[in-house]
There are 2 protein chains.
Amino acid sequence: MLKNHIGRKPLMFPKPTLERLKLYYALLLTENKDYISSDEIAKRLKITPEQVRKDISHLNITGKPKVGYHIPSLLGELSELFGISVTDNIIIVGAGGLGSALARYKGFEKIGVKVVAIFDNDSEKIGTFVGELMVLPLSDLQRVVKRFKVRIAAICVPEESAQEVTDLLVEKGIKAIWNFAPAILHVPSGILLENEDITRGILSIKHMLDKKG
Amino acid sequence: MLKNHIGRKPLMFPKPTLERLKLYYALLLTENKDYISSDEIAKRLKITPEQVRKDISHLNITGKPKVGYHIPSLLGELSELFGISVTDNIIIVGAGGLGSALARYKGFEKIGVKVVAIFDNDSEKIGTFVGELMVLPLSDLQRVVKRFKVRIAAICVPEESAQEVTDLLVEKGIKAIWNFAPAILHVPSGILLENEDITRGILSIKHMLDKKG
DNA sequence: TAGATTGTTAATCGATTAACAATC
DNA sequence: TAGATTGTTAATCGATTAACAATC
């Protein structure tokens with residue numbers, strides 16, 4: 001299978017590698033030195049330096065022996081890998097606590113994400129403001145998706161209506177669903193589904209607190 | 001190394017298995033049949049039936065040939081595995097959008113989690129209510145942790161103060177940090193750290209939307 | 001130069017998948 | 001019984017780790 005561009009590194013990354021690359025990005029953003037060694041990255045993230053080097057070897061970047069990796073270049077590569085320099089307009093469906101918090105989240109800007117609208121079907125909420133956004137009825141969905149070329153939608157509705165909302169979003173042309181409802185959703189093939197169910201993290205914590213010595 | 005109890009299954013699960021077991025739990029909660037086959041679980045979650053059987057084989061439960069797995073028993077086992085039947089009192093630090101949303105989240109009850117307090121250091125927020133909880137100053141931390149035997153704390157403060165808050169929580173006896181700040185935190189060994197950084201999910205989406213054909 | 005650090009190949013490890021016997 | 005489905009062992013696959021040559 002053809003996975004490479006000429007002169008470029010492979011576009012397919014092992015999933016664990018991709019997850020670690022996100023951590024490198026977060027870490028490097030807080031560094032103000034010019035260079036960092038695989039050893040230092042490894043220490044901060046509690047992994048091995050070999051793994052760091054292997055991960056970075058997937059990118060179009062080389063480090064300098066005795067010096068390490070040039071942080072701005074590394075950030076640039078990672079930024080391109082995750083498409084951070086291109087801003088995606090996203091919408092949020094569900095103006096409850098979680099949806100509203102998400103709509104006001106300040107960290108989106110620096111990863112190339114902009115919330116352009118928030119929707120709800122509760123007439124009490126429609127017309128009220130969440131930050132600078134007015135809550136819109138779902139009948140405005142199609143217009144907004146077209147106008148702002150929205151490809152990504154966050155679902156922050158109760159479990160019961162999550163599938164219904166998903167179907168509607170897909171019908172209106174949404175390409176990726178970012179699901180915050182604790183529901184197992186079905187999407188047509190070709191549509192991306194990313195589950196952000198918040199209960200998962202604390203289940204891991206409960207499990208490990210109980211089972212360890 | 002001793003990993004087994006007499007007559008019990010191993011307590012160590014491969015991490016990917018543990019993640020899938022959470023999905024099985026979520027899925028089975030919505031089923032109202034008595035039995036389900038590995039094939040059906042697999043279809044719903046888009047994995048293979050062999051994997052489902054292998055995962056379930058880690059539990060103290062056996063299925064019935066021709067019938068499948070008894071759903072209530074499976075739920076019971078998973079509930080025990082994740083310590084759902086024992087309620088953990090947790091606290092939230094940071095009464096901003098995300099912290100407040102978390103404090104009001106309705107889904108905690110059914111996984112054995114109860115939010116007993118929310119803290120902030122902003123005097124404007126202290127004394128106001130988030131749902132039924134009054135926002136408390138951090139000087140009340142020690143008292144609350146002791147009184148409610150709190151082992152788990154969610155961090156919903158800005159990146160800049162996340163480490164400082166972490167240190168304080170650990171000092172006051174917290175055993176697990178559930179970190180919602182996009183920060184790389186350091187914790188002493190023996191303290192559990194679970195990162196729930198919300199930007200990670202959408203980075204995956206952006207990456208995959210851009211790189212796929 | 002000597003030494004530190006990268007980059008890559010080979011070896012190991014662990015998880016997934018395949019195959020099939022056991023069983024209801 | 002025949003057939004469907006579980007449970008487990010063996011084979012495969014893919015990711016991590018180890019080793020070391022390349023290089024600044």
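No hydrogens, no waters, no symmetry mates; every other heavy atom, side chains included, goes into these values. A, B, ... follow the sequence lines: proteins, then strands. Residue 1 opens every chain. No experiment lies behind these values; they were computed from the predicted model shown.
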Return the value, rounded to whole Å, for the distance between atom [atom1] of [X] and atom [atom2] of [N].
X: B:E40; N: D:dT5; atom1: CD; atom2: P; answer: 10 Å
X: B:D39; N: D:dG7; atom1: CG; atom2: C1'; answer: 15 Å
X: A:I41; N: C:dT5; atom1: CD1; atom2: C1'; answer: 13 Å
X: B:H58; N: D:dT6; atom1: NE2; atom2: C1'; answer: 16 Å
X: A:Y35; N: C:dT6; atom1: OH; atom2: C1'; answer: 13 Å

Any residue meeting side-chain contact (heavy atoms from CB on, under 4.5 Å) with B:N121, in chain and number order, not counting sequence neighbours: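 Residues passing side-chain contact (heavy atoms from CB on, under 4.5 Å) with B:N121: B:L138.
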Partners passing side-chain contact (heavy atoms from CB on, under 4.5 Å) against B:L23 (at least two apart in sequence or in another chain):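 B:L23 satisfies side-chain contact (heavy atoms from CB on, under 4.5 Å) with A:I184, A:R200, B:L45 once adjacent residues are dropped.
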Intra- and inter-strand pairing of DNA chain D, written as dot-bracket with Watson-Crick and G-U pairs under 3.5 Å and | for the latter, reads ..||||||||||||||||||||||
Could you list the residues that satisfy side chain to side chain donor-acceptor pair (under 3.5 Å) with [X], not counting sequence neighbours?
X: B:N89; result: none
X: A:E194; result: none
X: B:E164; result: none

Within the structure, does a side-chain N or O atom of A:S57 lie under 4.0 Å from either OP1 or OP2 of C:dG7?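 False: A:S57 side-chain N/O out of range (4.0 Å or more) of C:dG7 OP1/OP2.
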Report yes if at least one side-chain N or O of B:S38 is closer than 4.0 Å to OP1 or OP2 of D:dT6; otherwise report no.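 For B:S38, the contact criterion (side-chain N or O under 4.0 Å from OP1 or OP2 of D:dT6) is met.
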Whether each nucleotide of nucleotides 14-24 of chain D has a protein heavy atom under 4.0 Å at its base (B), only at its sugar-phosphate (S) or at neither (-) is summarised, 5' to 3', as -SSBB----BB
Donor-acceptor pairs are to be reported for all side-chain atoms of residues 61-70 of chain A against protein atoms at under 3.5 Å, with residues two or more places apart or in another chain.
from, atom 1, to, atom 2, distance (Å)
A:K64, NZ, A:Y35, OH, 3.2
A:H70, ND1, A:S73, OG, 2.6

Sidechain N-carboxylate O distance under 4.0 Å for B:K172, B:D167: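 A salt bridge is absent here (no side-chain N lies under 4.0 Å from a carboxylate O).
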Please output the side-chain donor-acceptor pairs of residues 94-109 of chain A that fall under 3.5 Å, not counting sequence neighbours, one pair per line with the distance.
from, atom 1, to, atom 2, distance (Å)
A:S100, OG, A:A95, O, 3.1
A:S100, OG, A:G96, O, 2.7
A:K106, NZ, A:R104, O, 3.4

